[in-house]
Amino acid sequence: MLSGQVNCARLTRALKTVFKLTQSVKRQFSENAAASTTVFQESRHLEDSSHDKCEETKLVKVAIIGAPNAGKSSLINQLTGRMLCPVSKKVHTTRCRARAVSIQDTTQIIFLDTPGLVTATEMQRFNLEESFLQDSELALMEADLLGVIHDVSNRWTSGSLDAKVLRLLELYPEKSSFLVLNKVDLVKNKRKLLELVSVLTDHNLRKETRNPKKTEQLSEAKVKDIVKEKSGWGNFSEVFIVSALSGDGVDKIMDHILMAAKPGKWLYAPSHTSDVSPNKLIARTVKAKLLEHFPQEVPYNLKTTVEYLDDSNSDLITAVVGVYCPTARIQKLVIGTKGRKIQMVAREAEVDLRNAFHRSVHLKIAVSSPKK
Ligand SMILES: Nc1nc2c(ncn2[C@@H]2O[C@H](COP(=O)(O)OP(=O)(O)OP(=O)(O)O)[C@@H](O)[C@H]2O)c(=O)[nH]1
Ligand SMILES: [Mg+2]
C-alpha cells in the first residue's frame with residue numbers, strides 16, 4: 001500500500017512486497033469452492049428493523065471505475081470473495097452498473113461495478129448501450145469512496161490515467177478516491193512502478209493534505225482542456241499495487257475501505273449479496289464464458305437468456321440457458337465438435353456460479369439459430 005503520506009522508504013518496502021508476488025498466478029475461485037447454505041437472493045432493500053441500529057452498524061458504498069478490461073469486476077470479486085461480477089478477457093464484459101454486497105463484522109460494503117469508460121464516439125461506433133456513458137458517473141455520484149483501477153500491464157496506456165477517468169476526477173474533485181495499479185503480476189520490471197506511481201499521482205503523493213472542494217461547475221470544454229495537459233491526479237488518498245487475478249495486495253484495499261465506513265443503517269439484509277437477479281447473473285456468466293472462448297466479434301452477437309430456473313432447493317440451482325446465434329454457421333461453431341465447446345462453457349460457468357451462489361449449480365445450454 002502506498003499512501004500520500006508515505007516516503008520513499010515505505011514506497012520501496014511496498015515495491016519489495018510486489019517483487020515477491022508469485023509468478024504463477026492461480027485463480028482463487030477453484031472448482032472446490034466450498035458449498036455453503038447461504039442463500040443468494042435478488043436484492044431487496046432492507047425492510048425489517050433488525051439491522052436498524054445506526055449506532056452499531058456501519059455502511060460504505062464504493063464505486064470502482066476505469067478503462068475497459070482494467071480488472072474492475074475481478075477486483076470486486078476478490079474483495080467480496082464471490083464471483084458476483086462476470087469476467088472475461090474481452091472488453092465490455094460488464095455492460096451496466098451492478099451492486100455486490102459484502103459484510104465485514106459490523107460494516108456493510110456496497111461495491112458498484114461499472115462498465116469500462118468510453119467516449120460518445122466509441123459508444124456509437126461499437127453500438128454500445130447508453131449505460132456505458134452514464135453508469136460510471138452515476139455510480140461515482142452515489143458512492144462515498146471511489147476506486148480508480150488502472151492496468152499497469154498495458155504498454156500503450158499504462159503511462160497515463162485514462163482521459164475519461166481524469167474527466168470524472170476533475171468534475172468531482174471533492175470525492176474521496178484511491179488508485180489501484182492492477183495486473184502487477186504481468187509487469188516484469190517492478191522498478192518501473194515507482195515512476196508510474198509518481199506520474200499517475202501527478203507527482204503529489206499528498207505530501208501535504210489537500211482537501212479539494214468543488215468551487216465551480218466546470219464546463220466540459222474546460223475539463224477537456226485541463227485533462228489534455230494531465231497524466232495523473234494529485235488527490236488520491238492511497239495507492240495500492242495489486243493483482244486482482246491472484247488477490248495479492250487486495251486485503252490492504254479492504255482495510256482502507258473499512259476505515260472509510262460511517263455509522264449507518266445497512267441497506268440490505270445480511271443474506272443479500274447482489275442486486276442482480278439469479279436469472280441475470282446466470283445469463284451474464286454464460287455470456288462472459290462465451291466472450292472468453294470465442295474469437296473476435298463472434299460472442300458479442302450471441303444472446304443468452306435463462307429459459308428455466310429452479311432455485312427452490314437450498315443446496316442446488318438448476319438452470320437451462322438459451323444461446324441464440326445469428327446464423328446456423330455460428331451455431332455450429334458455438335456447439336463445437338460433438339458439443340465439446342459448449343460443454344466446456346457450461347462447466348466453467350457452473351464453477352463461477354457455484355462460487356457466486358455458494359450452492360451447487362447444474363447448467364444446461366441450448367444453442368439455437370433462426371430457422372431458414
Ligand atoms: N494477469 C492479470 N490479469 C487480470 C488481473 N485482473 C484482471 N485480469 C484479467 O483481465 C481481464 C479483464 O478483467 P475484468 O475484471 O473483466 O475487467 P473489467 O475492467 O471488469 O472489464 P470490462 O467489464 O470489460 O470493462 C480478465 O481476463 C481478467 O482475468 C490481474 O491482476 N492480472
Ligand atoms: Mg467488468
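Numbering starts at 1 and runs along the sequence shown. Counting convention: from 1, in listed order, for ligands and their atoms alike. Below, all heavy atoms of this structure are taken into account, side chains as well, without hydrogens, waters or symmetry copies.
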For the pair [X] (side chain) and [Y] (backbone), establish whether a donor and an acceptor sit closer than 3.5 Å, ignoring hydrogens and angles.
| X | Y | value |
| --- | --- | --- |
| His150 | Ala70 | no |
| Asp144 | Lys61 | yes |
| Lys289 | Ala349 | no |
| Trp266 | Lys58 | yes |

Side chain or backbone of [X] under 4.0 Å from ligand 1, or both, or neither, by non-hydrogen atoms?
| X | value |
| --- | --- |
| Leu186 | side chain |
| Ser88 | backbone |
| Asp185 | side chain |
| Lys72 | both |

What atoms of ligand 1 come within less than 4.0 Å of a heavy atom belonging to [X]?
| X | result |
| --- | --- |
| Ser73 | 15 (O), 20 (O) |
| Pro68 | 25 (O) |
| Ala70 | 19 (O) |
| Gly116 | 25 (O) |
| Lys90 | 24 (O) |
| Ser74 | 7 (C), 13 (O), 14 (P), 15 (O), 28 (C) |
| Ser243 | 30 (C), 31 (O), 32 (N) |
| Val91 | 24 (O) |

Ligand 1 N/O within reach of [X] N/O, cut-off under 3.5 Å:
| X | answer |
| --- | --- |
| Gly71 | yes |
| Val184 | no |
| Glu292 | no |
| Thr114 | no |
| Pro115 | no |
| Asn69 | yes |
| Val242 | no |

[X] side chain near [Y] side chain, heavy-atom distance below 4.5 Å:
| X | Y | value |
| --- | --- | --- |
| Arg95 | Pro115 | no |
| Arg284 | Cys96 | yes |
| Thr285 | Met83 | no |

Short side-chain donor-acceptor distance under 3.5 Å, Thr119 and Glu122: yes

Looking only at side chains, do Ser73 and Asp113 share a donor and an acceptor under 3.5 Å apart? yes

Listing by chain and number, what protein N/O/S atoms are under 2.8 Å from the Mg ion (ligand 2)? Ser73 OG, Thr94 OG1

May I ask you to say whether [X] pairs ionically with [Y], meaning some side-chain N is under 4.0 Å from a carboxylate O?
| X | Y | answer |
| --- | --- | --- |
| Lys230 | Glu170 | yes |
| Arg347 | Glu350 | yes |
| Lys252 | Asp255 | no |

How are the rings of Phe126 and His92 set to each other: parallel, tilted or perpendicular (split at 30° and 60°)?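 Tilted, since the angle between the ring planes falls between 30° and 60°.
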
Please report the interatomic distance OG1(Thr114) to CD1(Ile64), rounded to the nearest 0.5 Å.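 It is 8.0 Å, given to the nearest 0.5 Å.
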
Show, in sequence, the C-alpha distance, side-chain angles and deciding distance for Lys222 and Asp225, and conclude whether the salt bridge (Lys or Arg N to Asp or Glu O under 4.0 Å) test is met. CA-CA 5 Å; Lys222 175 108 177 127; Asp225 278 348; over 6 Å; no

Partner of Ile335 under side-chain contact (heavy atoms from CB on, under 4.5 Å), chosen from Gln331, Lys338, Lys332: Gln331

Candidate with minimal heavy-atom separation from atom 9 (C) of ligand 1, of Lys183, Lys89, His92: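 Residue with the shortest heavy-atom distance to the ligand atom: Lys183.
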
